[in-house]
Amino acid sequence: MTAIASEDVLDAEALRRAADLLAGSPVLGVAVVLAAPHPDLPREAASDPRRVRVDLLALASEQHTFVIHCTCFADLRPLAPVLAGPHAPYVVFPDAHFHLTALAGLGLQVPRVGCTRTAATLLAEGVIGRHDELEISALARRHLGAALPGEWLSGQVLPAWSRLEVVAAAAAAAPALLRVLTPELRARGLSRAYELECKLLPAVVAMEAAGIGVDGPHFLAIADGWRAELQVTEAEGRRAQLEKLISTYAGWPRDFLGDDGRMRTHLHPLATDSGRFACSQPNLQQVPSEHTAPGLRSCFRAEPGNVLVVADYAQIELRVAAHLAPCAAMREVFHAGRDPHRATAATLARKPEAEVTSHERKLAKAVNFGFLFGMGARRFQEYAEGNYGLALDLAAAERAREAFFSTFPGIAAWHRKVSALQPRSAREDLTVRTALGRRKRFLAGKFSFNAALNIPVQGTAAEGFKKAMIALHPALAELGGRGILCVHDEYLAEVPEEHGEAARALVQRIMQEAMAEVVTSVPILVDSRVARHWAE
DNA sequence: ATGGTAGATAGC
DNA sequence: GAATGCTATCTACCAT
């Protein structure tokens with residue numbers, strides 16, 4: 001493993017040295033980090049050299065082929081003359097992600113060397129979780145030269161590729177890469193999860209490209225309302241909340257609203273340990289709720305002539321947990337169409353489910369969500385207070401915990417089983433898996449009981465959801481519609497007004513069926529509605 | 001000034 | 001024996 005000096009300015013000479021290092025050597029990757037403005041670089045880069053990090057990644061050293069990552073340019077054309085040296089071909093990926101510590105994790109003692117996600121290794125990593133992404137990235141890297149379509153290696157710097165085009169190209173390359181990698185993925189039990197991610201990419205590309213319609217003036221008016229309220233508010237708690245809203249959200253229309261009145265985000269299907277999506281710039285998965293910022297979600301709306309379909313899974317984590325644990329009692333609740341919160345409340349209050357009051361049910365809801373993933377009584381007190389406005393003493397919290405576990409003994413057994421892994425975890429690595437085999441590895445001494453409970457459940461739910469997204473992509477297109485956002489267990493589509501009801505039924509059915517393929521022992525329910533705005 | 005991290009808080 | 005988890009983004013703070 002070799003690295004070029006990290007503070008080099010990217011110029012023809014630096015590229016030449018990189019090529020020499022790569023040629024016929026066991027070098028896997030070379031990073032060039034620009035630390036000083038370069039006269040040939042665009043002004044936006046020169047003004048912020050920190051952001052100009054260009055990575056070179058050897059794909060197949062014998063072919064002198066490498067991939068260049070660049071994080072900061074919306075338009076890559078100004079870079080073309082810099083990159084068009086004698087050592088082409090290059091492929092340019094704007095807006096790649098960096099793992100500056102990744103090679104260090106391999107024992108490479110070179111500061112500031114980056115190991116990047118190429119558009120294709122993007123497909124591979126994450127399937128197994130970030131802790132061991134390098135193993136699978138190296139696999140993809142080894143096969144990448146053979147798997148990429150020929151035009152990628154044409155010797156041309158691809159001009160001004162948008163991030164979307166890059167991901168789209170990765171999606172196009174996915175089948176070939178999948179074929180090559182399948183035997184090794186299968187040996188690791190990862191082929192189903194990997195195949196899912198490959199199939200998902202086109203739907204993600206379309207969703208990012210679509211964006212979501214936003215009423216900019218209304219959004220800004222609401223933000224002005226926050227500022228006005230901050231002026232006259234004394235209460236420290238409310239002030240802090242308003243400051244958070246202003247600093248995080250007020251600039252969204254300016255920063256992210258396109259000329260066409262649509263806001264586009266970056267979705268990252270492979271960026272989390274669990275398999276859920278990450279989302280950034282802006283993070284549309286954390287738009288404040290109606291409770292926190294009334295009216296804000298109403299700014300997210302359908303175009304004239306269209307409607308939104310908004311659908312979300314009902315109690316998905318409880319259902320997945322009932323399936324995975326397994327917990328017969330909880331499965332029975334769902335099979336009978338009963339309410340799991342009412343069931344817990346009945347145990348807690350020692351009365352029939354039919355006589356449970358709304359306050360008792362509210363407490364039980366906190367109990368079910370809180371204790372499912374290993375929360376303790378102490379923490380539950382804060383949780384119930386903070387999220388549900390329920391004040392209870394430690395003894396009451398303990399009673400609630402016992403009521404939960406006696407209502408769902410299968411969940412208690414599941415916790416005991418995972419807890420039993422603890423002694424081994426001090427000296428050996430442990431792995432937990434989702435339904436499709438995606439894995440999360442805990443290195444020796446780094447085991448987390450709670451994460452070992454949570455990640456397979458979260459991840460399995462994410463897999464069912466991703467299956468639904470794959471199926472919905474072509475199905476909605478037949479109605480002239482499209483998916484526009486996904487928020488963990490919630491899906492937003494935009495369809496022509498005349499197909500609103502048909503699309504609602506379609507989305508609900510496909511989401512239910514897709515999740516049922518993964519979660520086979522518990523009925524799956526999706527709530528859905530047709531609306532002009534995101535908010536209810 | 002730049003860079004890294006901790007804690008709080010937005011979402012699920 | 002006890003233990004929610006997964007994120008992104010902002011502010012504050014400390015080290016260089």
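Basis for what follows: all heavy atoms, side chains included, without hydrogens, waters or symmetry-related copies. Below, read A as the first sequence line, B as the second, and so on, with proteins coming before strands; counting in each chain starts at 1.
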Which part of the nucleic acid does [X] contact within heavy-atom distance under 4.0 Å: base, sugar-phosphate only, or nothing?
| X | result |
| --- | --- |
| A:R297 | sugar-phosphate |
| A:Q458 | base |
| A:E382 | nothing |
| A:G376 | sugar-phosphate |
| A:V287 | sugar-phosphate |

Output the rounded distance in Å from [atom1] ([X]) to [atom2] ([N]).
| X | N | atom1 | atom2 | answer |
| --- | --- | --- | --- | --- |
| A:R379 | C:dA2 | CZ | P | 17 Å |
| A:M375 | C:dC6 | CE | P | 13 Å |
| A:F369 | C:dT4 | CZ | C1' | 13 Å |
| A:R239 | C:dT11 | CZ | P | 15 Å |
| A:F404 | C:dA2 | CZ | C1' | 16 Å |
| A:D255 | C:dT9 | CG | C1' | 13 Å |
| A:E463 | C:dC6 | CD | C1' | 14 Å |
| A:Y249 | C:dT9 | OH | P | 10 Å |

Check whether any side-chain nitrogen or oxygen of [X] sits under 4.0 Å from OP1 or OP2 of [N], and answer yes or no.
| X | N | result |
| --- | --- | --- |
| A:R276 | C:dC6 | no |
| A:T248 | B:dA10 | no |
| A:S419 | C:dG1 | no |
| A:N454 | C:dT4 | no |

Whether [X] side chain and [Y] backbone form a donor-acceptor pair below 3.5 Å:
| X | Y | value |
| --- | --- | --- |
| A:Y383 | A:F369 | no |
| A:Q512 | A:V526 | yes |
| A:N450 | A:G374 | yes |
| A:Q381 | A:L392 | yes |

Can you tabulate the close N/O pairs, meaning under 3.5 Å, that link protein atoms to atoms of nucleotides 6-9 of chain B?
none

Report task. Assess whether side chain to side chain contact (heavy atoms under 4.5 Å, CB included) is satisfied between A:L485 and A:V487, documenting all intermediate values. Result -> CA-CA 7 Å; A:L485 191 62; A:V487 191; 3.9 Å; yes

Query raised in the report: What is the minimum heavy-atom distance between A:L284 and A:C279, and which atoms define it?
Result: N-SG, 3.3 Å

Query raised in the report: Can you name the ring pair (Phe, Tyr, Trp, His ring centres under 6.0 Å) partners of A:F380, sequence neighbours left out?
Result: A:F371

Query raised in the report: What residue pairs, at least two apart or across chains, pass salt bridge (Lys or Arg N to Asp or Glu O under 4.0 Å) with a residue in residues 383-408 of chain A?
Result: none

Query - Listed nucleotide nearest any side-chain atom of A:S247, set C:dG5, C:dA2, C:dT11 - result: C:dT11

**Report entry** Nearest to side-chain heavy atoms of A:N283, which nucleotide of C:dA8, C:dG5, C:dA3
**Finding:** C:dA8

Report task. Report yes if the ring of A:F449 lies under 5.5 Å from the six-membered base ring of C:dA3 with planes under 30°, and no otherwise. Result -> yes

